[in-house]
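Reminder, nothing fancy here: chain letters follow the sequence lines and each chain counts from 1. Every value quoted in this text rests on a predicted model; they were computed, and no experiment measured them.
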Amino acid sequence: MMKKVLLHGLFQIADDHSEVILEHVCLSRLGMMSSKEMISAIHECKRKGVRAFLAVDCLLIDEKWDEICKALDELELVIGHVAAIRVLDIGVLQLIRERFPKKKIHLLLEHGPLNFEGLIFWKQHLGDCLERLVLSTQITKEQLEKYVSDPRMRDLQLEILVFGPLMMSYTSRSLLGLAGGDEQIVEIKSLESFDLEISVIQNRHGSFIFHKRPLSIEHLLPDLLKEKLYLRYDYRLFYKDKMNFTEGLFMENSTGKIFDKLKNNLLRTGNGENYLGEVVQVEKGCYIAVLLKSFVFKLSVGDEIEYALPTGERISTKVNEIRNSRAHPVTDASYQDLVLLKYHSKITARSIVYKL
Amino acid sequence: MQKIPELVLPAGNFEKMKLALLYGASAVYLGGENFGLRTRASNFSLAEIEFAVHLAKEKAAKVYVVINAFLHDQELQQLPDFIRKLQEIAVSAVVVSDVGVLAAIRTHAPKLPIHLSTQASCLNVMAAKFWKELGVKRVVLGREVSISSAAKIKQELDLEVELFAHGSMCVSYSGHCVVSNFTANRDSNRGGCAHSCRFEYAEQAFLLSSDDICGIECIPRFCEQAIDALKIEGRMKNHLYVGTVAKAYREALSAWERGDFAQRLPALKEELKKIPHRRYSSGLLLREEEWDERFYPRARTGTESKDEDHYKIAGLVLEVVQGEFLLIEVRNAFVSGQELSLIPFEGPEFTLATKNIFSLNDERIEKTRPNTLVKLAYCEGVERMNLIRMQV
């Protein structure tokens, strides 16, 4: 049977959900319940046999600490009835562990770690009090299959969002206007990037940026994952087009592919691998000016060198003469010296020079 | 207790690192060829990091290596060799945000001092306590943390604290923005941020684009509250930025120590206006006085309020041939007779004579070209690596 977790700011428990996340207006980023409503909701969950989780998922500066403590005070008598507390801020995690040492923790790993060692770290560090890791929305199907089958994850619950708004950014700032007002929601479209549309919600906790389409990945989950994972459904939709979904990065996270393109690898110096310096100027028919940047190698008359051009071409040559910036011949030169070498028509500025 | 904070400058490449140290940084942070958040910076090979440590030691400065990306499984497997080498060459600390990375360091390079990156969004005493118990020596606090809160964390935990003092700011809690990941297929937490927050949006204009932080007015507060280190953002910023900011903040700290900070402040603020920047604000450093600064008025006015760039780098002094000439690497074209200012490592800038410009072949030049070398008349007081600035 699928393990479904319902996330809803208002108290509505669907029959096919075995768990529900309750969000208090002071404790949860998108919470709307007052303490009175929360107490009533917790009792209702108890009556229906539904596991209730309390979300305390704000990031907190110390100036806001008292506000959280006060809200927790108001709920003190019913916290014993919640099955676990869900936390994002590491300081809040510490607070909950100190104040409610027997309470189970669900740790929200919103944007990281995205490596297995990070998950193991939390499991080992938090021990028995950690009931569940709520994984990042960037986790892929491939990662999940690996994680659920690893024996080290045994006895630890893993949860993912399978349906609902895809939060992409969280800030304490009030992006839509003066702080402290009622909740506002706007949809905005970039004038600079085609297809970049986002929804922004602002409330007392700050502003939240959501993907223009809700995430929907349940149909992509193989049975093995459905059995082993806890699946979260978030029905707080505010989308105009309710039929248009995104699968996010679930099937493939190729967000690292860009790195190869961001840099001209041909111009990486790799200082220490026979790197000598860089061509800073070429005077047609006269000289190639090279600034020696290696702190390992000297350049001497008689050396064989290689120029690596920005185009990728490589040209080798022997150094028959070295002149300094005063055009005086010298026998060798070292770090930070500017030297003039024999002109070669193909070599351009920004070429890298290696010693062979 | 009062103290002069460490001044931590960005080093996008080796040349910028040297500039930072020469202009007043007491520490630099830099990235290796992987595992950092500035993929487009030139970054440092291991050999360069080793030499950087050597060079910094000569100036009694420190080198921090950032490993602050949120690594995926495959990348994490490549990490042990790198951190073992960093331990061997004795970098001053590594700056991390991912607990997987932290765990790897504790296993494979346990002697490496660890600083917690701002990417981990450490915002309160309890969180800082957690990281301290894990062996973290210093926390680079989130930009949401005020100076007084940072001081409280330091006092209660006896833990080193570092605050961002100058530069661009993320609109989000650091490490909590993946807009690029889902809209541009670029991992913001591994160095691929597409800066969607700087875009203009229909109707709401630049509502996501944060002001730049400028904390130079807060120098007395930083010192009085004994903040351990001030971080300057900007490994992707240019040479002029690195030199100007390092010098201004170093002079501000020295002025505070001497007791003439108030007199020096106006001139230093003017200096910081000479580098490209968005509208400056003290951010949340002085939260108790500026609570409402959490929102950005320009979102409603529809102008990004980016100050015009009135100054540019003209060049860099590559060589000083005593009594003969200065060899200049031209970065932006200038003409004969144009007024150029030389920025010495200490003390006021001065004007360079440009009436006579010569090529390396000693041919007279009227107009220089970028990325070429020229000779200017020798001038007393000029040193190798001095920056030359011009008004545009």
Mind ranking [options] by heavy-atom pairs under 4.5 Å with chain A and telling me who comes out on top?
options	value
B:Leu76, B:Asn181, B:Ile153	B:Asn181
B:Leu134, B:Val101, B:Val145	B:Leu134
B:Ala127, B:Ser172, B:Ser180, B:Cys197	B:Ser172

_Atom CZ of residue position B:Arg384 - does it have more than 12 heavy atoms of other residues, nucleotides or ligands inside 6.0 Å?_
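Count over threshold, so yes.
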*Would you say A:Lys123 has more than 12 foreign heavy atoms packed within less than 6.0 Å of its NZ?*
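Above 12, so yes.
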Testing the 3.5 Å rule here: is there a donor-acceptor pair between the side chains of [X] and [Y]?
X	Y	value
A:Thr255	A:Asn253	yes
B:Ser149	A:Glu63	yes
A:Gln281	B:Thr372	no
B:Glu75	B:Gln77	no
B:Gln119	B:Asn189	yes

Checking heavy atoms, do the side chain of [X], its backbone, both or neither come under 4.5 Å from chain B?
X	result
A:Gln124	neither
A:Ser207	neither
A:Gln336	both
A:Ile120	neither
A:Leu338	both
A:Phe121	side chain
A:Leu119	neither

Please classify the contact between [X] and chain A as side chain, backbone, both or neither, with a heavy-atom cut-off of under 4.5 Å.
X	value
B:Glu50	neither
B:Leu327	side chain
B:Glu144	both
B:Leu373	both
B:Glu363	neither
B:Val125	both
B:Glu324	side chain
B:Asp98	side chain
B:Cys122	neither

_Suppose we call two aromatic rings close when their centres sit under 6.0 Å apart. Are A:Trp122 and A:Phe116 close by that rule?_
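Here the rings of A:Phe116 and A:Trp122 have centres that are no less than 6.0 Å from each other.
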_Looking at every heavy atom in both A:Cys129 and A:Arg97, which two are closest together, and how far apart are they?_
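For A:Cys129 versus A:Arg97, the nearest heavy atoms are SG-NE, 3.8 Å.
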*Ignoring hydrogens and angles, tell me if any N or O in the side chain of A:Asp89 forms a donor-acceptor pair with the backbone of A:Gly91 under 3.5 Å.*
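A pair under 3.5 Å: yes.
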*asked:* Does A:Arg29 qualify as a cation-pi partner of A:Phe208, given the criterion of NZ or CZ under 6.0 Å from the six-membered ring centre and within 45 degrees of its axis?
replied: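 Ring-cation test returns no.
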*Give a yes/no verdict on a cation-pi contact between B:Lys375 and B:Phe358, requiring under 6.0 Å between NZ or CZ and the six-membered ring centre and an angle within 45° of the axis.*
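Relative to the ring axis of B:Phe358, which defines the angle, B:Lys375 lies outside at least one limit.
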*Separation of A:Leu340 CG from B:Leu360 CG (nearest 0.5 Å)*: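 So the CG of B:Leu360 and the CG of A:Leu340 are separated by 5.5 Å.
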*asked:* Can you tell me how far apart CD1 (A:Ile90) and OG (B:Ser121) are? Round to the nearest 0.5 Å.
replied: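 That separation rounds to 10.5 Å.
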Option in [options] with maximal non-hydrogen atom pairs under 4.5 Å from chain B:
options	answer
A:Thr171, A:Leu93, A:Asn115	A:Asn115
A:Gly112, A:Gly118, A:Ser169, A:Pro113	A:Ser169
A:Ala289, A:Ala349, A:Ser254, A:Gly248	A:Ser254
A:Met167, A:Glu117, A:Glu283, A:Gln94	A:Gln94

